[in-house]
Number of protein chains: 2
Amino acid sequence: MSQAQLVKQLKVSCEACSLSELCLPRGLTHDELVKLDAYIERPRSTDANTQIFQPGDEFHAFYAVRTGGVKTYLTQKTGEQQILGFHLPGEIFGLDGMETGKHRCYAATLENTSYCALPYDKLDGLCEVMPDLRHQICHLVGHELNADHTHLLLLGQQTAHERLASFLLSISSRFKRRGFSATSFILPMSRHDIACYLGIAVETVSRLFKSLQDKDIIQINRKQVDILDMDALNEMVSNCSEEDV
Amino acid sequence: MSQAQLVKQLKVSCEACSLSELCLPRGLTHDELVKLDAYIERPRSTDANTQIFQPGDEFHAFYAVRTGGVKTYLTQKTGEQQILGFHLPGEIFGLDGMETGKHRCYAATLENTSYCALPYDKLDGLCEVMPDLRHQICHLVGHELNADHTHLLLLGQQTAHERLASFLLSISSRFKRRGFSATSFILPMSRHDIACYLGIAVETVSRLFKSLQDKDIIQINRKQVDILDMDALNEMVSNCSEEDV
DNA sequence: GTCAAGACTTGATATTGATCAAGGAACCCG
DNA sequence: CGGGTTCCTTGATCAATATCAAGTCTTGAC
């Protein structure tokens with residue numbers, strides 16, 4: 001990236017960012033936003049499949065996805081990975097380092113992605129004087145916890161069919177929240193990543209997509225998904241605490 | 001409980017509490033501790049199987065287990081429950097309310113239990129003037145997130161054998177941390193609860209315990225567990241991020 | 001444009017762990 | 001102390017999903 005491009009990117013402040021209402025700045029006053037903005041680092045974009053951090057790396061910032069997508073995951077000695085979450089534009093990741101000051105999981109991009117870094121020590125200092133920021137951070141942290149809890153329920157109690165339906169509904173509601181179509185979107189992740197997120201085999205993901213298509217509940221072609229029957233998807237999920245994650 | 005007993009219990013300050021080094025007060029100075037202590041509510045003990053909060057209840061405090069044990073869980077429409085975590089003395093629960101101000105999961109006691117309530121609005125105010133408290137809360141929240149992540153890896157990628165081994169190691173290390181034996185302890189939860197935590201059937205839990213006993217890895221009688229071969233248990237867990245949860 | 005590598009799909013078979021069923025042990029209550 | 005209830009264990013069978021094995025489609029590199 002050229003110096004000119006870099007400068008241009010840096011100029012996109014939180015205040016001008018279309019995602020600010022989903023992101024850390026939500027609920028802040030103009031003055032507060034300006035103070036926060038001064039600290040935010042905006043790294044350049046990265047390609048797909050680039051690692052952002054890994055276990056043992058120093059935790060120095062929360063990250064916010066601006067464009068593209070990120071997965072966080074753990075691995076077993078044997079190599080299998082468990083995807084902990086997919087992070088779409090406006091969503092935060094990297095909180096796993098808060099316990100020890102070192103990250104405990106991996107974070108990698110799903111596609112060409114740009115993201116902001118919100119330095120932890122700066123945020124900590126601002127928390128002292130900006131109650132709204134403190135509350136927004138608590139809100140985001142609580143959201144992460146609840147998303148993990150919904151994911152635990154999915155992995156522990158749902159059948160493969162229910163898991164895939166939950167997954168589609170979650171992605172759909174998150175696209176909708178950002179102003180995109182809830183029924184027609186492009187999945188940013190591979191079948192393999194979906195399988196690792198849902199704790200099932202890739203082959204099963206493939207078969208289940210086909211089964212949903214055969215029942216005219218969805219139309220799927222590669223990564224393009226069209227939801228034809230949202231009610232049917234909702235009925236498949238017997239989950240009593242389903243919400244946007 | 002009589003008034004006299006209640007008063008006596010209230011007098012057990014954080015400073016005098018043997019668990020304070022595991023709990024919220026960790027790392028605070030004497031002066032800070034006194035300020036915090038003034039706000040802490042110490043409800044009386046409750047029996048086993050008592051609900052502490054449920055989804056929709058107002059979130060007004062973090063809770064810290066003093067004696068006994070607590071489980072937090074979600075349920076599906078069909079009734080199955082997924083246990084999100086077991087909380088032993090010195091451990092915190094109730095953070096799930098931070099997102100919306102309402103709890104999202106259930107919390108219930110496993111046995112006769114006493115716990116403290118740490119009012120959220122008071123903690124928030126103290127955070128403004130006590131950086132150490134702020135950091136300790138971040139540490140605890142990060143710990144919760146990491147515990148959930150380890151649990152996700154367990155549910156998504158481990159076999160039933162590995163899950164039970166992970167569970168025993170987790171409980172063992174937590175007893176050890178509190179100064180008790182790591183190899184001989186009484187499980188505070190039922191087989192059913194273990195099954196709901198591990199995402200497997202009760203019958204499977206029973207069979208796996210027997211199998212571990214037949215291999216002379218553990219000795220188990222009702223809820224009394226003796227670990228005979230800790231190395232064997234560790235080897236069963238191919239998890240690369242295993243730590244005390 | 002062609003080739004190679006990777007991603008995805010589809011089919012056949014295997015296996016883990018669920019479910020169904022029953023009996024035994026501990027515990028609570030009167 | 002006795003009887004019922006719940007918890008736990010054990011056995012037999014079944015089903016969901018993993019695994020193994022090809023084969024096809026995409027995509028990117030040269």
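Residue numbers start from 1 in every chain, and the chains themselves are labelled A, B, ... in the order their sequence lines are given, proteins ahead of strands. Below, all heavy atoms of this structure are taken into account, side chains as well, without hydrogens, waters or symmetry copies.
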- Message: If you assign each of Leu208(A) and Ile220(B) to its closest nucleotide in DNA chain D, which residue comes earlier from the 5' end?
- Response: Ile220(B)
- Span of DNA chain C, from the first to the last nucleotide whose atoms fall under 4.0 Å of chain B heavy atoms: dG17(C) to dA26(C)
Send over the distance from [X] [atom1] to [N] [atom2], rounded to a whole Å.
{"X": "Asp193(B)", "N": "dT6(D)", "atom1": "CG", "atom2": "C1'", "answer": "14 Å"}
{"X": "Phe209(B)", "N": "dC7(D)", "atom1": "CZ", "atom2": "P", "answer": "16 Å"}
{"X": "His161(A)", "N": "dA15(D)", "atom1": "NE2", "atom2": "P", "answer": "15 Å"}
{"X": "Glu162(A)", "N": "dT17(D)", "atom1": "CD", "atom2": "C1'", "answer": "14 Å"}

Show me the donor-acceptor pairs within less than 3.5 Å that the side chains of residues 212-229 of chain A make with the rest of the protein, sequence neighbours left out.
unit_1    : atom_1 : unit_2    : atom_2 : d
Gln213(A) : OE1    : Gln219(A) : NE2    : 3.3
Gln213(A) : OE1    : Ile220(A) : N      : 2.8
Gln224(A) : NE2    : Ser184(A) : OG     : 3.2
Gln224(A) : NE2    : Asp226(A) : OD1    : 3.2
Asp226(A) : OD2    : Ser184(A) : OG     : 2.9
Asp229(A) : OD1    : Asp231(A) : N      : 3.3
Asp229(A) : OD1    : Ala232(A) : N      : 3.0

- Query: So, are Asp57(A) and Lys102(A) salt-bridged, with charged N and O less than 4.0 Å apart?
  - Reply: no
- Taking protein heavy atoms under 4.0 Å as touching, what does nucleotides 18-28 of chain D look like 5' to 3' if B marks base contact, S marks sugar-phosphate-only contact and - marks none? SBB-----S--
- Message: Just by distance, no angles: are the side chains of Gln82(A) and Gln157(B) close enough, under 3.5 Å, to form a donor-acceptor pair?
- Response: yes
Kindly assign one of parallel, tilted or perpendicular to the pair [X] and [Y], based on the angle between their ring planes and the thresholds 30° and 60°.
{"X": "Phe175(A)", "Y": "Phe185(A)", "result": "parallel"}
{"X": "Tyr63(A)", "Y": "Tyr115(A)", "result": "perpendicular"}
{"X": "His151(A)", "Y": "Tyr197(A)", "result": "parallel"}

- Query: At under 4.0 Å between heavy atoms, what does Ser190(B) touch on the DNA or RNA strands: base, sugar-phosphate, or nothing?
  - Reply: sugar-phosphate
- Task: Compare all side-chain heavy atoms of Met230(A) with those of Leu169(A) and state whether any distance is below 4.5 angstrom.
- Result: yes
- Message: What's the separation between atom OG in Ser181(B) and atom NZ in Lys176(B), rounded to the nearest 0.5 Å?
- Response: 9.5 Å
